[in-house]
> 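One structure follows; several queries about it will come next.
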Amino acid sequence: MSNEKNASNEKKGQAAAAQTAITPTRAQDYPEWYQQVVRAADLAETSDVRGCMVIKPWGYALWENIQRSLDKMFKDTGHKNAYFPLFIPLSYFEKEAEHVEGFAKECAVVTHHRLKPGVKADGKQGLIPDGELQEPLVVRPTSETIIGASFAKWVQSYRDLPLLINQWANVVRWEMRTRLFLRTAEFLWQEGHTAHATSEEAMDETLKMLEVYADFAENWMAMPVVKGEKTEGERFPGAVNTYCIEAMMQDRKALQAGTSHFLGQNFAHASEIKFSDAEGKVSYAWTTSWGVSTRLIGGMIMTHADDDGMVLPPRLAPSHVVIIPVTHKPETAQAVLDYCNKLAADLRKIPYFGRTIEVEVDNRDIRGGDKTWQWIKKGIPVRVEVGPRDMEQDSVFMARRDRGHKEKQSVKRDEFVATIHAVLEEMQGTLFARAKAHREQNTKRIDSRAEFEAFFGARNEVEANESGGGAVKGGFALVHYAPDRKIEEELKTKFAVTCRCIPLEGAEEPGTCIFTGKPTTRRAIFAKSY
RNA sequence: CGGGGUGUAGCUCAGCUUGGUAGAGCGCUUGCUUCGGGAGCAAGAGGCCGCAGGUUCAAAUCCUGUCACCCCGACCA
């Protein structure tokens, strides 16, 4: 990203009414656009701690709304919340071989429990760790093993099953490269952990929660997803099967938005989760785990935001309506403000998806245009301006975030209040439809290896576009594929393409693998991904 | 951890080749004028130039070391 370009665009913008509020645009430089949207919307910022982000109030409110909606869905499906330790004794962690192997490289480890004055590594006087722990503690990257230890105590009889637990927590994965919301060293998430008496029950649970995630993604986030199963190479370390929801971002790359794992008896063996069945026979439980994280916010940005900044799906928006009083004439200022506050109070009485319509009255003493653009960039669904002229006519001047910023219309106040719910729902629907159309346009059925290679191009190959940027080549490729780790590795190296999943839905369709010619019954989705 | 790059005002950067002790735009503060719209003019606040050594009369600038961050790989929700 050239800063020169950035600066000159910004200047141009100020002189002649910006073309777009975000520079660069999606077409010019998608990754940089993403960062700028996060910043302009005031969702989060980087911190002084390597790879860790500060989630700002607007972003955190979004997370709280995600939490509230999901939490209800979890409870409605019989789960209870609990909380387990942040620290996992290394020995617990080592119990499941594949699990350790999968996570070892990204673990943060606590080795000491005290500080004392001394000479630091850089030769300076300061505080140095003292009191080495007998056993190092791993900061949880995920909690299967520590929760398993509790489950082992809680489960003795088949009558104790199923055990359906969810935890809202932070986890740490020491990633090499991080991006706000999409991949940070510490992130917030929920992790469901359940134990069952039979394999069938555990599998039902795994798929039920996948369904919950898909429902949430589509109906709350307005983000269409494909439900599918991961191939062996993409599986969660220690799982028997991993299921996922995959979404297509606006740059046509895939984002894994949630996973649900069928763990078989692997972790039950590791943690000794055993029970006596009705006949008195002792068996190991069947467990599952499933999670979604603050990454969902990154998904929402990359699904809905545009070149003017964030676009929030109304059902999750921290606020739905901002009222901007036009109060530059002192003689009418108070009356306008009173009118706005009354309007806000009336809107706040309207129920909307588990809460009420949330309203901001932005009476800050800054310029009106500036104020408007800040809210556009934050993605608030509806903006209304109310000045003396509107007040006289008992109307408001309304603009919607899903339409152009100049498309404003005067609406009678009572009509506005009466229709706001419907307007928000219409926007929610529009966002979903738009995202789904984008995915469909960029999903292609491919029947030969040559076509596959042409679709994705070489690693890092981009399509030049008219805005001077380079778009990622490809999209979702639907191909007949007989899972084979070697092929997946080759495709990853040569084309940066991975098998996202084998979709669960859709009719079986006999065919032959485009790489090996082996017979197959379904198509798999391949894509570049985050 | 490999390859490349960057650390200068709150933000984005210029200055470094050819050493002489700090600049711009935005943002911020104040005033006037404008204003149903991301304004104009003027004044002002703000920086031990990442850190530590070295060379020099003199270092943001040269040398050495170090730390941090960014990009491209490997790894990943």
Side-chain angles (χ1 to χ4, degrees), chain A residues 1-11 13-21 23 29 31-32 35-36 39-40 45-51 101-106 120-124 141-142 171-179 181-191 213 230 234 236-237 242 244-246 255-261 289-299 308 324-329 332 336 366-377 383-391 397 399 405-406 408 410 459-460 489 492-493 496 498 529-530:
Chain A
M1 173 65 218
S2 140
N3 290 302
E4 215 172 305
K5 182 172 77 185
N6 205 0
S8 78
N9 276 349
E10 206 145 314
K11 265 188 214 162
Q14 261 129 30
Q19 304 287 304
T20 60
T23 330
D29 184 346
E32 181 62 23
Q35 312 260 39
Q36 295 304 328
R39 190 156 80 142
E45 63 192 20
T46 51
S47 73
D48 293 341
V49 184
R50 200 199 106 104
E101 203 195 313
F103 284 104
K105 277 181 282 183
E106 43 191 89
K120 296 187 288 187
D122 60 7
K124 282 191 200 156
T142 178
V171 286
V172 168
R173 296 185 187 174
W174 214 255
E175 303 288 355
M176 287 301 155
R177 290 176 52 203
T178 58
R179 292 181 74 189
F181 291 117
L182 295 175
R183 180 168 302 113
T184 46
E186 180 192 16
F187 57 92
L188 305 182
W189 78 342
Q190 66 56 225
E191 47 182 325
Y213 286 156
K230 288 288 188 192
E234 300 280 330
F236 175 75
T242 287
C244 62
I245 50 171
E246 294 281 333
L255 182 79
Q256 178 175 307
T259 47
S260 184
H261 314 291
S289 69
W290 27 275
V292 295
S293 71
T294 35
R295 175 179 253 202
L296 291 178
I297 295 176
D308 284 331
I324 300 175
V326 181
T327 55
H328 59 276
K329 284 182 186 152
T332 51
V336 168
I366 60 172
R367 301 191 56 80
D370 221 346
K371 208 182 269 190
T372 300
W373 279 102
Q374 284 180 19
W375 287 109
I376 291 174
K377 288 185 277 193
R383 307 184 304 277
V384 295
E385 293 160 7
V386 179
R389 293 213 294 270
D390 306 294
M391 197 172 64
F397 218 53
H405 67 264
K406 283 184 180 160
K408 299 190 231 182
S410 186
R459 198 183 181 88
N460 295 331
E489 265 163 46
K492 196 169 176 179
T493 313
T498 49
S529 74
Y530 278 93

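Because only heavy atoms are used, hydrogens play no part in the values below, and waters and symmetry mates are left out as well, while side chains stay in. Chain A is the first sequence line, chain B the second, and so forth, proteins listed ahead of strands; every chain is numbered from 1.
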> Rounded to whole angstrom, note down the C1' distance from B:C28 over to B:G47.
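Their C1' atoms lie roughly 15 Å apart.
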> Side chain of A:K377: nearest nucleotide among B:A77, B:G38, B:C75?
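Looking only at heavy atoms from C-beta outward on A:K377, the closest nucleotide is B:G38.
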> Determine which nucleotide pairs with B:A58, using a 3.5 Å limit on both distances of a Watson-Crick or G-U wobble pair.
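None - no nucleotide pairs with B:A58, as no candidate has both distances under 3.5 Å.
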> Write down the partner of B:U18 under the Watson-Crick or G-U wobble criteria, each distance required to be under 3.5 Å.
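Partner of B:U18: none.
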> For A:T184, report the nucleic acid contact type (base, sugar-phosphate, nothing); a contact means any heavy atom under 4.0 Å.
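Here A:T184 touches the bases of the nucleic acid.
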> Say we look at B:U21 and B:U8: how far apart would their C1' atoms be, to the nearest angstrom?
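Nearest-Å result for B:U21 against B:U8 at atom C1': 14 Å.
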> In whole Å, I'd like the distance from the CZ atom of A:F236 to the C1' atom of B:A77.
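So the two atoms are 10 Å apart, to the nearest Å.
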> Which heavy atom of A:G298 sits nearest a heavy atom of A:F181, and at what distance?
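That closest heavy-atom pairing would be N-CB, 3.7 Å.
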> Mapping A:V326 and A:T294 to their closest nucleotides on RNA chain B, which lands nearer the 5' end?
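Counting from the 5' end, the first nearest nucleotide belongs to A:V326.
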> Would you mind pulling out the nucleotide paired to B:U6, Watson-Crick or G-U wobble, both distances under 3.5 Å?
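The answer is B:A68, by the H-bond criterion.
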> Please state how far atom CG in A:D29 lies from atom P in B:C70, giving the value in whole angstrom units.
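Going from A:D29 (CG) to B:C70 (P), I get 16 Å.
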> Identify the two heavy atoms, one from A:D308 and one from A:T20, that lie closest to each other, and give their separation to 0.1 Å.
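Looking at all heavy atoms of both residues, the shortest contact is OD1-CA, 3.4 Å.
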> Work out how far the P atom of B:G50 is from that of B:A14, and round it to whole angstrom.
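Result for the P pair: 13 Å, nearest Å.
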> In whole angstroms, how far is the P atom of B:A77 from the CH2 atom of A:W189?
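Computing the A:W189:CH2 to B:A77:P distance gives 9 Å.
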> Between atom OG1 of A:T332 and atom CE of A:M391, what is the distance when rounded to the nearest 0.5 Å?
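Separation between the atoms: 6.0 Å.
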> Compare the minimum distances between each of B:C75, B:G36, B:C71 and the side chain of A:Q35, then state the nucleotide with the smallest one.
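Closest of the options to the side chain of A:Q35: B:C71.
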> Measure the spacing between CD of A:E246 and OG1 of A:T498 and express it to the nearest 0.5 Å.
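Between atom CD of A:E246 and atom OG1 of A:T498 there are 7.5 Å.
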> Under 4.0 Å, counting only non-hydrogen atoms across every strand here, what does A:S293 touch: a base, just sugar-phosphate, or nothing?
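The answer is base, as A:S293 lies within the cut-off (heavy atoms under 4.0 Å) of a base atom.
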> Given B:A39, is OP1 or OP2 found less than 4.0 Å from the side-chain N or O atoms of A:R367?
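So the side-chain polar atoms of A:R367 do come within 4.0 Å of the phosphate oxygens OP1 or OP2 of B:A39, strictly under.
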> Would you mind telling me which residue lines up with the more 5' stretch of RNA chain B, A:R39 or A:P388, judged by nearest nucleotide?
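The residue closer to the strand's 5' end, by nearest nucleotide, is A:R39.
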> Choosing from B:C71, B:A77, B:C75, which nucleotide comes nearest the side chain of A:R173?
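Of all the options, the side chain of A:R173 is nearest to B:A77.
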> When the C1' atoms of B:C16 and B:C62 are compared, how many Å lie between them, rounded to an integer?
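Nearest-Å result for B:C62 against B:C16 at atom C1': 10 Å.
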> Between A:K105 (NZ) and B:A77 (P), how many Å, whole number?
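Those two atoms, NZ and P, are 12 Å apart.
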> What's the gap between B:C41 and B:C49 when it is taken at their P atoms, as a whole Å value?
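To the nearest whole Å, 33 Å.
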> Is there a Watson-Crick or G-U wobble partner for B:G36 with both distances under 3.5 Å, and which nucleotide is it?
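When the pairing criteria are applied, nothing turns out to pair with B:G36, so the answer is none.
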> Give one of base, sugar-phosphate or nothing for A:R383, where a contact means two heavy atoms less than 4.0 Å apart.
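Nothing, no nucleic acid heavy atom in range.
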> Indicate whether OP1 or OP2 belonging to B:C75 is found under 4.0 Å from a side-chain N or O atom of A:K492.
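True: A:K492 side-chain N/O within range (under 4.0 Å) of B:C75 OP1/OP2.
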> Quick one: A:I376 CD1 to B:G38 P, roughly how many Å, whole number?
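In whole Å, B:G38 P lies 12 Å from A:I376 CD1.
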> Round to a whole Å and report the spacing from CD1 of A:I366 to P of B:G38.
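Distance check: A:I366 CD1 to B:G38 P gives 12 Å.
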> Whom does B:G73 pair with, Watson-Crick or G-U wobble, provided both distances fall under 3.5 Å?
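Across any shown strand, B:G73 pairs with B:C1.
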> Between B:C75 atom P and A:Y530 atom OH, what is the distance in whole Å?
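Spelled out: OH on A:Y530 to P on B:C75 is 18 Å.
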> Rounding to the closest angstrom, what is the interatomic distance between B:C1 and B:C11 at atom C1'?
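After rounding to an integer number of Å, I get 32 Å for this pair.
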> If every non-hydrogen atom of A:R383 is compared with every non-hydrogen atom of A:I376, which pair is closest and at what distance?
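Taking every non-hydrogen atom into account, NH1-CG1, 3.3 Å.
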> What's the gap between B:A45 and B:U29 when it is taken at their P atoms, as a whole Å value?
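Pairwise P distance, B:A45 against B:U29, rounds to 15 Å.
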> Rounded to whole angstroms, how far apart are CH2 on A:W174 and C1' on B:A77?
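About 17 Å, once rounded to whole Å.
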> If the C1' atom of B:A60 is compared with that of B:A9, how far apart are they to the nearest Å?
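To the nearest whole Å, 14 Å.
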> In terms of the angle between their ring planes, are A:H261 and A:F236 parallel, tilted or perpendicular, with boundaries placed at 30° and 60°?
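Answer is parallel, since the angle falls under 30°.
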> For the side chain of A:R173 and the backbone of A:P141, is there at least one donor-acceptor N/O pair under 3.5 Å apart?
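Yes; at least one donor-acceptor contact below 3.5 Å.
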> Give a yes or no answer on whether the side chain of A:R295 reaches the backbone of A:F187 with a donor-acceptor pair at less than 3.5 Å.
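Not confirmed, A:R295 side chain does not pair with A:F187 backbone.
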> Please pick, from B:C75, B:G36, B:A77, the nucleotide with the shortest atom-to-atom distance to any side-chain atom of A:F187.
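The answer is B:A77, which lies nearest to the side chain.
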> Under 4.0 Å, heavy atoms only, any strand: does A:L182 hit a base, just the sugar-phosphate, or nothing?
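If one applies the 4.0 Å heavy-atom cut-off, A:L182 turns out to touch a base.
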> Given that both distances must come in under 3.5 Å, which nucleotide forms a Watson-Crick or G-U wobble pair with B:G23?
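Base partner found: B:C13.
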> Which listed nucleotide (B:G38, B:G36, B:A39) is nearest to the side chain of A:W373?
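Ranking B:G38, B:G36, B:A39 by closest atom to the A:W373 side chain puts B:G38 first.
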